[in-house]
Amino acid sequence: MAQKIMVSGHLLEMFMPYLYDEKRMIEVLEKATTLGFYKGVEMPIFFDKKNRQTIRSLIESNGLNGTTFITPYTKFQHLSLADLDEAARQKTVQLVKQLADFAAESGYTNFGISNGDDPGAPLRGFAKVAQAESVYEIADYIKQYGMNLTLEPLDRYAYKKQLIGPMEETVTWFEPIHEQCPNAYIHWDSAHEALGGIDLMKSIDLAAPYIAQFHLCDAICDPNHPCFGDLHMDVAVAPDWQTEGYLTPELGAEILKRIASHDKPVGVENVYVSVEITGHPGQHLWEVEEHSRMFLQRCFDLAGMDY
């Protein structure tokens, strides 16, 4: 193996009902650190200064890598980094910079930004230029904090219908961005590639020079199925490890091995993987976390890789 993949917990997604309940999210991180499993965590933005200091202390004292994603905060305000209205795009960029300040104060290393909606073929080229300009500006801004920027390509035609989608096209668009902003990377997600009908191993090979972190996420790819789409569904569980989606533990193991076979991108200390499952109000959220952790362990075991 060319690199060792590190395990991370997507606590933001699993404990999504606590997104704005900062006290409960701190308690989640405190409990997660007692499990002796995670080397990294994916967390929300904390708006209270004292809570940011608490999160930073927990991350540093436990030797964790911290990641955040700002998608919920721009999505809820209907803001886009690919907005063709320059004033609206700049409003989004300024919000994202403020969120980056909070992320840095919380001790996060990776700062995940959002992908704009696809405006359709006639305007797609203009939107990709706008998105690139946003990436340049934000990546340059967070250099002061030593943070890496990550952008997650989504599916364009199947479900999310986002601007930055098919990996072959994405890599062509992203290469000059990375050359100008070496702290800009790709966050690879298995569900969006599967929903887009893209060969997962080919997608990994294309994106490998830029993959700073990645998600294993199950999805049902049959558009006639009532649960079709990127719903961040639960994963297969022991003892039978069955799923209605595409993501078996065996496939998860193949994804791990394929990414591990590539060299780490230049400038990335470690590449982290997490399982993406959304927790919902009323669920036993720690059971969701257990499913995620057990599935990730199963994938590593089948791959013959240490975690």
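FYI, the numbering just counts along the sequence from 1.
The environment of CD in Q90 is crowded: more than 12 heavy-atom neighbours from other residues, nucleotides or ligands sit within 6.0 Å. Within a 6.0 Å sphere centred on NZ of K202, other residues, nucleotides and ligands contribute 12 heavy atoms or fewer. Other residues, nucleotides and ligands contribute only 12 or fewer heavy atoms inside 6.0 Å of the CD atom of E269. The local environment of NZ in K4 is crowded, with over 12 non-hydrogen atoms from other residues, nucleotides or ligands closer than 6.0 Å.
Scored by the ring pair (Phe, Tyr, Trp, His ring centres under 6.0 Å) test, H192 finds no partners at all (sequence neighbours excluded). Applying the ring pair (Phe, Tyr, Trp, His ring centres under 6.0 Å) rule to F102 yields the partners F47; only residues at least two apart in sequence or on another chain are considered.
Within the structure, salt bridge (charged side-chain N to carboxylate O under 4.0 Å, His left out) contacts touching residues 280-291 (residues at least two apart or in different chains) are E289-R293. Residue pairs meeting the ring-ring contact (aromatic ring centres under 6.0 Å, His included) criterion with at least one member in residues 229-251, sequence neighbours excluded, do not occur. Among residue pairs with one or both ends in residues 170-185, none qualify as side chain to side chain donor-acceptor pair (under 3.5 Å); sequence neighbours excluded. Applying the ring-ring contact (aromatic ring centres under 6.0 Å, His included) definition to pairs two or more places apart or across chains, those involving residues 251-302 are F15-W286, F300-Y307. For the side chain to side chain donor-acceptor pair (under 3.5 Å) condition, the pairs that include at least one residue of residues 217-228, sequence neighbours left out, are D218-T243, H225-E244. Every pair passing salt bridge (charged side-chain N to carboxylate O under 4.0 Å, His left out) that includes a residue from residues 102-114 is listed here, sequence neighbours excluded: K49-E105, R52-E105. Among residues at least two apart or in separate chains, there is no ring-ring contact (aromatic ring centres under 6.0 Å, His included) pair with a member in residues 116-139. Sorted by first and then second residue, the side chain to side chain donor-acceptor pair (under 3.5 Å) pairs with a member in residues 76-88 read E86-R89; sequence neighbours excluded.
Taking all atoms of both residues into account, the shortest heavy-atom contact from Y73 to I45 is OH-N, 3.0 Å. In this structure, P17 and P281 approach most closely via the heavy-atom pair CG-N, 3.6 Å. The two atoms that bring C299 and A253 nearest to each other are O-CB, 3.4 Å, heavy atoms only. Between A139 and A184 the shortest heavy-atom distance is CB-CB, 4.5 Å.
No chain of hydrophobic side-chain contacts below 4.5 Å, direct or via other Ile, Leu, Val, Met, Phe, Trp or Tyr residues, connects L163 to L154. By the criterion of side-chain heavy atoms lying less than 4.5 angstrom apart, applied directly or through intervening Ile, Leu, Val, Met, Phe, Trp or Tyr residues, V129 is not grouped with I177; the two fall into different hydrophobic clusters.
Summarising the geometry, atom CG belonging to L95 is positioned 9.0 Å from atom CG belonging to L81; distances are rounded to the nearest 0.5 Å. In this structure, L216 CG and L296 CG are separated by 6.5 Å, a value rounded to the nearest 0.5 Å. Separating the NE2 atom in H187 from the CG atom in L149 is a distance of 12.5 Å, to the nearest 0.5 Å. Rounding to the nearest 0.5 angstrom, the gap separating the CG atom in D48 from the CD atom in E22 is 5.5 Å. For the atom pair CG (L11) and OG (S292), the distance works out to 8.5 Å, reported to the nearest 0.5 Å. Atom OG1 of residue T278 and atom CD of residue Q283 lie 9.0 Å apart, to the nearest 0.5 angstrom.
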Given salt bridge (charged side-chain N to carboxylate O under 4.0 Å, His left out), test R56 with E60 step by step and report yes or no.
CA-CA 6 Å; R56 185 184 192 96; E60 291 180 348; 2.9 Å; yes
Determine whether N270 and N65 satisfy the following criterion, side-chain contact (heavy atoms from CB on, under 4.5 Å), listing intermediate values before the conclusion.
CA-CA 9 Å; N270 288 296; N65 178 79; over 6 Å; no
Please assess I26 against I55 for the test side-chain contact (heavy atoms from CB on, under 4.5 Å), listing each intermediate value before the final yes or no.
CA-CA 7 Å; I26 289 171; I55 291 297; 3.8 Å; yes
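A donor-acceptor pair under 3.5 Å is absent between the side-chain atoms of S203 and the main chain of E193, judged by distance alone. Under a 3.5 Å cut-off, the side chain of S61 and the backbone N or O of S57 do form a donor-acceptor pair. For the pair Y108 (side chain) and A100 (backbone), a donor-acceptor distance under 3.5 Å is absent. Of the possible donor and acceptor atoms, one in the side chain of Q3 sits under 3.5 Å from a partner among the backbone N and O of I259. At distances below 3.5 Å, not a single donor-acceptor pair connects side-chain atoms of E169 with backbone N or O atoms of M167. Between the side chain of S274 and the main chain of S8, no donor-acceptor pair closer than 3.5 Å is present. Judged by distance alone, the side chain of Q131 and the main-chain N or O of G116 form a donor-acceptor pair under 3.5 Å. Formation of a donor-acceptor pair under 3.5 Å by the R24 side chain with backbone atoms of Y18 is not found in this model.
Ring centers of H10 and Y38: at least 6.0 Å apart, outside the cut-off.
Using a 4.5 Å heavy-atom cutoff, the side chains of E13 and I277 are not in contact. Considering only heavy atoms from C-beta on, D234 stays 4.5 Å or farther from V288 through its side chain. Put simply, the side chain of T109 does not reach to within 4.5 Å of the side chain of M147, judged on heavy atoms.
Between D118 and R124 a salt bridge is recorded (basic side-chain N to carboxylate O distance below 4.0 Å). Between E27 and K23, at least one side-chain N (NZ, or NE/NH1/NH2) sits under 4.0 Å from a carboxylate O, which counts as a salt bridge. Looking at K128 and E133, no side-chain N of the basic residue comes within less than 4.0 Å of a carboxylate O on the acidic one, giving no salt bridge.
Considering D230, D155, N115 as possible partners of K160, the one that fulfils the side-chain hydrogen bond (donor to acceptor under 3.5 Å, both in side chains) test is D230.
V237 belongs to no multi-residue hydrophobic cluster, having no ILVMFWY side-chain contact under 4.5 Å with any other such residue. Grouping Ile, Leu, Val, Met, Phe, Trp and Tyr residues whose side-chain heavy atoms lie under 4.5 Å apart, directly or via other members, places F228 in a hydrophobic cluster with Y159, L195, L231.
Using the six-membered ring where Trp is involved, Y210 and F174 have ring planes that are perpendicular, over 60° apart on the 30 and 60° scheme.
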